Amino acid sequence: MAHEHKLEIFRGLLKFKSNTQKIWGVLIFLTLVTIVEVGLGIAKPEALTHSYFLGMKVLNWIFIILTLVKAYYIAWDFMHLRDEKSSLRRAIVWTPIFLVAYLIFILLFEADYIYHVYTDGFVKWNF
């Protein structure tokens, strides 16, 4: 009772003739996203490193979003979640995305706090 997997990506915008072509298409997409991440990590544009959004540098937000996009797409295509029922897809994909995003958010805020404690000096409370 095997069924054919869909040979399209990006919600049908790109359609392929075989599984091999689809794998190459997904590989190219993931490679482009990785190249953007590495390029931003090497260049570190001043506009992104000196501007803040919700207490973190915009560059950090871009890295987090691109990493979540790659993780989602790997699960969507290579784990064949596209062919599953929507409730299973939501349980598998959205739960870890929210948990990982929450963990990264907490870790970066705590790291920023520690950084400011060390740069601004320790504060001694006098009760």
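Just so it is clear, the values below take in all heavy atoms, side chains as well, and ignore hydrogens, waters and symmetry mates. Here the structure is a predicted model, which means the values were calculated and not measured.
- Considering CG of L103 and CG of L108, their distance stands at 9.0 Å, rounded to 0.5 Å.
- Contact check for K57 versus L48: no side-chain heavy atoms found under the 4.5 Å cut-off.
- Using a 4.5 Å heavy-atom cutoff, the side chains of L59 and K44 are in contact.
- Side-chain contact of K70 with T34: a donor-acceptor pair under 3.5 Å is present, judged by distance alone.
- The side-chain heavy atoms of F98 and L68, taken from C-beta on, include no pair separated by under 4.5 Å.
- Proximity of Y52 to V58: side-chain heavy atoms (C-beta onward) are nowhere separated by under 4.5 Å.
- Expressed to the nearest 0.5 Å, how far CG of L107 lies from CE of M56 amounts to 10.0 Å.
- Between W61 and F53, the ring planes lie perpendicular to each other; the angle is over 60°, past the 30° to 60° tilted range.
- A47 approaches S51 most closely through the heavy-atom pair O-OG, 2.6 Å.
- Annotation for Y113: atom OH does not count as buried by contact number, only 12 or fewer foreign heavy atoms lying within 6.0 Å.
- Of the inter-residue distances, the one linking I35 atom CD1 with I28 atom CD1 reads 10.5 Å to the nearest 0.5 angstrom.
- Across all non-hydrogen atoms, the minimal contact from A91 to P96 is O-CD, 4.1 Å.
- Interatomic distance, T49 OG1 to N60 CG, rounded to the nearest 0.5 Å: 10.0 Å.
- Under the 4.5 Å side-chain contact rule for hydrophobic residues, L54 and V100 share a cluster.
- Residues I92 and V69 share a single hydrophobic cluster, defined by chaining ILVMFWY side chains whose heavy atoms lie under 4.5 Å apart.
- Contact annotation: the side chain of V36 never approaches that of I62 to less than 4.5 Å [non-hydrogen atoms, C-beta and beyond].
- Proximity of W94 to R89: side-chain heavy atoms (C-beta onward) are nowhere separated by under 4.5 Å.
- Taken from CD1 in I104 to CG in L99, the straight-line distance is 11.0 Å, to the nearest 0.5 Å.
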